[in-house]
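Here is the structure we will look at.
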Amino acid sequence: MNVDRRDFLKATTALGAGIITSTCYELTGGEKTMNNENENSAEEISATEDLMREHGVLNRILLIYEEGLRRLRTDKEVSPEVFHATAALVRKFVEDYHEKLEETYIFPEFEKQKKLTDLVATLRSQHQAGRNITDLILRNAVTDRFVKKDARREILRSCEAFIRMYRPHEAREDTVLFPALRKIIPAKQIDELGERFEEKEHHLFGEEGFAQTVEEVAKIEKQLDIHDLVQFTAK
């Protein structure tokens with residue numbers, strides 16, 4: 001009986017230790033593994049979400065243009081570099097990257113299936129109109145031309161036209177075009193597009209391309225003293 005009792009106690013002790021070890025793993029290491037998996041999955045965003053967060057960058061660019069215009073209209077000091085740097089960012093990030101993604105991978109899907117074709121045609125034409133406007137801003141937002149009234153008026157007209165066109169443009173994409181994409185192509189294809197977009201971003205701008213672009217926008221906002229979100233709170 002004593003031998004059996006000792007064997008029983010050894011077995012139950014070992015079993016208890018195993019349960020405790022397993023429980024501790026689940027509460028510590030196992031939980032960490034689960035958290036890491038959640039963190040990794042949280043970093044992955046869909047193709048449409050990627051495009052929409054880039055619209056957030058565009059919106060901040062429009063705010064910069066608006067503040068620049070306000071200063072031009074009220075004869076307050078504003079550097080031509082503000083307009084030139086912003087237009088250069090539009091050219092690099094919005095037109096040569098973001099819009100190229102839409103024109104290469106998004107618009108053709110609707111055109112092939114003859115869905116929202118009128119909207120897509122309008123969006124394409126507005127992309128080209130935007131590039132023409134950016135050309136004008138870049139040409140006139142240089143020191144030797146900015147001192148001339150004609151050049152400043154051209155910048156004013158160009159920025160006004162750009163803002164007026166792109167506010168409804170991006171809003172229509174976010175609320176009509178991008179939601180409809182999930183109805184015309186399978187989820188797996190959208191996931192593949194998201195990976196392709198990420199590869200393009202890293203190729204053109206580096207691993208932290210989006211974050212660096214946001215930082216570029218923030219630097220221009222600081223030059224204009226519009227970087228503090230609190231100042232936009234309604235009174």
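Counting only N and O atoms by type, the side chains of His169 and Glu173 include a donor and acceptor under 3.5 Å apart. Under 3.5 Å, the side chains of Thr134 and Glu95 contain a donor-acceptor pair of N or O atoms. Side-chain contact check for Arg167 and Asn59: at least one donor-acceptor pair (N or O, by modelled atom type) lies under 3.5 Å. Defined by atom type and a distance below 3.5 Å, a donor-acceptor pair is missing between the side-chain atoms of Glu81 and Gln223.
Of the possible donor and acceptor atoms, one in the side chain of Thr233 sits under 3.5 Å from a partner among the backbone N and O of Val230. The main-chain N or O of Thr122 is found under 3.5 Å from a side-chain atom of Ser125 such that the two form a donor-acceptor pair. A donor-acceptor pair is defined here as one N or O able to donate and one able to accept, closer than 3.5 Å; such a pair exists between the side chain of Gln231 and the backbone of Asp225. Of the possible donor and acceptor atoms, one in the side chain of Gln113 sits under 3.5 Å from a partner among the backbone N and O of Ile184. Using a distance-only test at 3.5 Å, with no hydrogens or angles considered, no donor-acceptor pair links the side chain of Arg139 to the main chain of Ala151. The closest donor-acceptor contact from the side chain of Asp50 to the backbone of Ser46 lies at 3.5 Å or more, if one exists at all. The backbone N or O of Phe210 sits nowhere less than 3.5 Å from a side-chain atom of Arg53 that would complete a donor-acceptor pair.
When every heavy atom of Ala47 is checked against every heavy atom of Gly194, the shortest pair comes out as CB-N, 3.7 Å. Looking at every heavy atom in both residues, Cys159 comes nearest to Tyr65 through SG-CD2, 3.6 Å. Of all heavy-atom pairs between Leu62 and Glu170, the closest is CD1-OE2, 4.2 Å. Shortest non-hydrogen contact noted between Leu51 and His98 is O-CE1, 3.4 Å. The shortest heavy-atom contact between Phe197 and Tyr97 is O-OH, 3.4 Å.
For the atom pair CD1 of Ile185 and CZ of Phe110, the computed distance is 8.0 Å after rounding to the nearest 0.5 Å. In this structure, CD in Glu208 is found 11.0 Å from OG1 in Thr213, a value given to the nearest 0.5 Å. Within the model, atoms CD1 of Ile190 and CD of Glu109 stand 9.5 Å from one another, a figure rounded to the nearest 0.5 Å. The OG atom of Ser158 sits 4.5 Å away from the CG atom of Leu136 when rounded to the nearest 0.5 Å. Atom CD1 of residue Ile155 and atom CD1 of residue Ile137 lie 7.5 Å apart, to the nearest 0.5 angstrom. Distance check: Arg172 CZ to Leu116 CG gives 11.0 Å after rounding to the nearest 0.5 Å.
Under 4.0 Å is where a charged nitrogen must lie from a carboxylate oxygen, and between Lys188 and Asp191 no such pair does. For Glu111 and Lys114, the salt-bridge test fails: no basic side-chain N is under 4.0 Å from an acidic carboxylate O. Using a cutoff of 4.0 Å between basic side-chain nitrogens and carboxylate oxygens, Arg164 and Glu160 are not scored as salt-bridged.
Checking Phe178, Phe93, Tyr166 one by one against His55, the ring-ring contact (aromatic ring centres under 6.0 Å, His included) holds for a single residue, Phe178. Under the side chain to side chain donor-acceptor pair (under 3.5 Å) test applied with Glu103, the options Gln128, His127, Arg124 reduce to a single match, His127. A side-chain contact (heavy atoms from CB on, under 4.5 Å) with Ile163 is found for one member of Leu69, Leu63, Ile61 and no other, namely Leu69. A side chain to side chain donor-acceptor pair (under 3.5 Å) with Asn140 is found for one member of Arg145, Glu154, Arg152 and no other, namely Arg145.
For the pair Glu216 and Lys92, the minimum side-chain heavy-atom distance is below 4.5 Å. Residues Leu224 and Arg71 have side chains in contact (heavy-atom distance under 4.5 Å, counting atoms from C-beta outward). You'll find the side chain of Leu123 stays beyond 4.5 Å of the side chain of Glu102, heavy atoms only. In this structure the side chain of Arg60 reaches within 4.5 angstrom of the side chain of Val214, judged on heavy atoms. Counting heavy atoms from C-beta on, the side chains of Arg131 and Arg91 come closer than 4.5 Å. A heavy-atom distance below 4.5 Å is not found between the side chains of Pro80 and Val142. Residues Leu193 and Thr48 fail the side-chain proximity criterion, which asks for heavy atoms closer than 4.5 Å. Residues Leu156 and Arg73 are in side-chain contact: their nearest non-hydrogen atoms beyond the backbone lie under 4.5 Å apart.
Surrounding CG of Asp144 are more than 12 heavy atoms belonging to other residues, nucleotides or ligands, all under 6.0 Å away. The 12-atom threshold is exceeded at CZ of Arg157, counting heavy atoms of other residues, nucleotides or ligands nearer than 6.0 Å.
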Checking side chain to side chain contact (heavy atoms under 4.5 Å, CB included) for the pair Leu101/Ile106: CA distance, chi angles, key distance, verdict?
CA-CA 7 Å; Leu101 292 180; Ile106 304 298; 6.0 Å; no
Please walk me through it: do Lys200 and Lys100 pass side chain to side chain contact (heavy atoms under 4.5 Å, CB included)?
CA-CA 11 Å; Lys200 290 276 187 182; Lys100 290 294 186 184; over 6 Å; no
Side chain to side chain contact (heavy atoms under 4.5 Å, CB included), that's the test. Do Glu54 and Glu201 meet it? Break it down for me.
CA-CA 11 Å; Glu54 289 163 10; Glu201 180 184 306; 4.2 Å; yes
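Put simply, Tyr105 and Val94 are part of the same group of oily side chains (I, L, V, M, F, W, Y) that touch within less than 4.5 Å, one to the next. Under the 4.5 Å side-chain heavy-atom criterion for grouping Ile, Leu, Val, Met, Phe, Trp and Tyr, Ile45 is not connected to Leu181 through any hydrophobic cluster. Under the 4.5 Å side-chain heavy-atom criterion for grouping Ile, Leu, Val, Met, Phe, Trp and Tyr, Val147 is not connected to Leu138 through any hydrophobic cluster.
Between Phe146 and Phe83, the ring-plane angle classifies as tilted under the 30° and 60° cut-offs.
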